[in-house]
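All chains are named by letter (A, B, ...) in the order of the sequence lines, taking the proteins before the strands, and each is independently numbered beginning at 1. Side-chain atoms are counted along with the backbone in the values below, which use heavy atoms only and exclude waters and symmetry mates. Note that this is a predicted model, so its numbers are computed, not measured.
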2 protein chains.
Amino acid sequence: MTAPERNRARRTRPRPTMDDVAAVAGVSRGTVSRVLNGGHNVSGPALDAVRRAIRKTGYVVNQHARSLVTQRSDSVAFILSEPQDRLFEDPNFNILLRGCTQELAEHDITLLLTIAGTHEDRKRVGRYVTAGHVDGALVISSHAGSPLLDDLEARGLPFVACGRPLGRERDVSYVAADDRGGARQMVSYLGSRGRKRIATITGPLDTSGGVDRLAGYRDVLGEVDPRLVVTGDYSHDGGAEAMERLLRQVPDLDAVFVASDLMAVGAIAALHRAGRRVPDDVAVGGFDDSKVASTSVPGLTTIRQPWARLSAEMVRLLLNHLAGDAHAAVILPTELVVRDSA
Amino acid sequence: MTAPERNRARRTRPRPTMDDVAAVAGVSRGTVSRVLNGGHNVSGPALDAVRRAIRKTGYVVNQHARSLVTQRSDSVAFILSEPQDRLFEDPNFNILLRGCTQELAEHDITLLLTIAGTHEDRKRVGRYVTAGHVDGALVISSHAGSPLLDDLEARGLPFVACGRPLGRERDVSYVAADDRGGARQMVSYLGSRGRKRIATITGPLDTSGGVDRLAGYRDVLGEVDPRLVVTGDYSHDGGAEAMERLLRQVPDLDAVFVASDLMAVGAIAALHRAGRRVPDDVAVGGFDDSKVASTSVPGLTTIRQPWARLSAEMVRLLLNHLAGDAHAAVILPTELVVRDSA
DNA sequence: CTGAAAGCGCTTACAG
DNA sequence: CTGAAAGCGCTTACAG
């Protein structure tokens, strides 16, 4: 089917316009518009007549016409610039998404979820988002150097990022959990439990979660034996592989701080296969407090990210942005959650 | 921030319009429009000039203005009318979503994911979708009697459902896996392995997956002891509870057909707790072939839904709909996947 | 192949 | 409080 064909098909069902409701209400189009936009400066009888006419005709505003004059769409994009799988694996995105949707709904703004996992997706989404479809964007993208941010910036589209945008802190608004502080909490806790040989499995070092959590680890332990530090990829299997590497490099380790819960669960599986008991032989601390943390056996001691507050702050910042405020950053505190693994 | 304030803020960054590019290209607005829409009936030099002008000005079409005249938005909604959690738990939605996105991208149509888990969400989404934002919708909604379908229908918005819309088969387009046939495959297989006392855990009976898979079970076994049939809610814990009930009602069962993989995994956990071995004492068959089926221990014997084909067919039907075709239904065959649980 | 003009359906000063 | 009118940024017959 070609575009003209689709066009023709749509034309067959004409929707009532404002003129239609004005006609049945016996008022002018301007009056109809006024009741639609709050009903200020409209007499009681006129208000009633218009409302009745709207119901009778089944009128719904044509958003394109409205947006053309207001220069607003009253919707913002939630851009997921991650491989899609990660989204669906992580219930925290769920919480974030729902939180943002609700916050925005209170301001009569619709949230559109767009997924930009592949390079091609990102180009398409960039085009969509800058074509006036949305007033702003919430972008979730952990890896540094995403060209998407450049696109948005070049277009002057207001947006706020989730997580510290490596190397872009000065010019983009973001809200993030205190990754570094959280890591410090966990590593300090492991030390307070008498652990002497504490290793770490970091996230990818082009993500803020990778570098900041490692920085927090170093804040507590200083310069450590480099064999204690191994980099993972946030995945379950990646965590298991990293753990195996650690066991080879430093067989005498008695604790490990893992930069994500998913990797931590993989690490625990690897420890079991190697005959090490958790936490007796090796204590394991995660990060995120995602769903697996509470369902895995043993329960995972971890750092909780303040998901609900993150979404609230993201929306607040974006609204401020839309109102013309300069960019800003918000760092939210984390919380240690003790379960059985450490 | 009020709407007028947002408005004012947006006005401060004027975007180039078609007139701007026409001016720098030294042609009329009409010519610019023609190159934007395929470049037919435009001379080589004019084409070049316009393209250069577009690059120079950084012009991006104003989609609202375009949609206002074409009466199309070139985007369709993917409406998830489920409690949000389920989406994020089930990797199959992932596949479906990605498949639809790609199919549509080939037709230059953007897919917007909207989540309508709560009643309030559904109303908001209904309004959004019928305000002209999208040309059509793909709706995922398993429960019967969703008012969303009525809204869409009343507005004349073309849409296609995923899964048989109970009681609405005659007036709504849908594509579905052959739930009934798949259930028959599984129950026949259990019988062929020598199982004599085959129970079933159904899905909710206001979903097509609930009734159709039960119907398939009955197709093979006829009228059975009613204690062999128990209804679950598609969740892991619901599956476990249903299994416990079955063990109480019919302790001598030697097989169970469970209407979803997630429930099946819960059922297996309950069997273990009761000291029954799987598949030695009790064979367990699932439905969906979702991720848990291959990662659980033992691996789950199940019925695979044709996710990729489902998305392709949904898009095809929707495009036909947009072109004015009448509604239609497509049923796709399933496949038995044998692992260890049966 | 190209331009001038009408029109898509709204909002919003501007008069009254 | 209300109407007439201009204008948002496009597309598309219509002439030429």
Original post:
Near DNA chain D, which residues from residues 24-32 of chain A have a heavy atom under 4.0 Å away?
Top reply: A:Val27, A:Ser28, A:Thr31
Original post:
Using the P atom in both, what is the distance from D:dA13 to D:dG9, to the nearest Å?
Top reply: 23 Å
Subject >> Pairwise C1' distance for D:dG16 and D:dT12, with rounding to whole Å >> reply: 16 Å
Does a side-chain N or O from [X] land closer than 4.0 Å to OP1 or OP2 of [N], or not?
X	N	result
A:Gln63	C:dG9	no
A:Gln71	D:dG9	yes
A:Asn62	C:dC8	no
B:Thr17	D:dC8	no
B:Asn37	D:dT11	yes

What is the distance from [atom1] of [X] to [atom2] of [N], rounded to the nearest Å?
X	N	atom1	atom2	result
A:Arg34	D:dA4	CZ	P	11 Å
B:Met18	C:dC8	CE	C1'	14 Å
A:Tyr59	C:dG9	OH	C1'	7 Å
A:Arg15	C:dC8	CZ	P	14 Å
A:Asp74	C:dC10	CG	P	15 Å
B:Leu68	D:dC10	CG	C1'	8 Å
A:His64	D:dG7	NE2	C1'	19 Å

Examine distances only and state if a side-chain atom of [X] and a backbone atom of [Y] form a donor-acceptor pair shorter than 3.5 Å.
X	Y	answer
B:Asp135	B:Asp74	yes
A:Glu169	A:Gly167	yes
A:Ser173	A:Ala328	yes

**OP:** Compare the minimum distances between each of D:dT11, C:dC10, C:dT12 and the side chain of A:Thr70, then state the nucleotide with the smallest one.
**Re:** C:dT12
**OP:** Select one nucleotide: of C:dT11, D:dT11, D:dC10, the one nearest the side-chain heavy atoms of B:Ser33.
**Re:** D:dT11
Original post:
Dot-bracket, DNA chain C: Watson-Crick or G-U, under 3.5 angstrom, [ ] crossing, | other strand?
Top reply: |||.||||||||.|||
Subject >> Basic-acidic side-chain contact under 4.0 Å: A:Lys56, A:Asp20 >> reply: no
Original post:
Which of these passes side-chain contact (heavy atoms from CB on, under 4.5 Å) with B:Phe159: B:Val134, B:Val172, B:Leu317, B:Leu138?
Top reply: B:Val172
Can you tell me how far the [atom1] atom of [X] sits from the [atom2] atom of [Y], to the nearest 0.5 Å?
X	Y	atom1	atom2	answer
A:Leu97	A:Leu111	CG	CG	6.5 Å
B:Leu322	B:Ile109	CG	CD1	6.5 Å
B:Cys162	B:Leu80	SG	CG	10.0 Å
B:Gln63	A:Ser73	CD	OG	11.5 Å

**OP:** For B:Asn41 and for A:Asp19, find the nucleotide of DNA chain C with the closest heavy atom, then tell me which residue's nucleotide is more 5'.
**Re:** B:Asn41
Subject >> Note, B:His64 side chain near A:Thr70 side chain (heavy atom, < 4.5 Å) >> reply: no
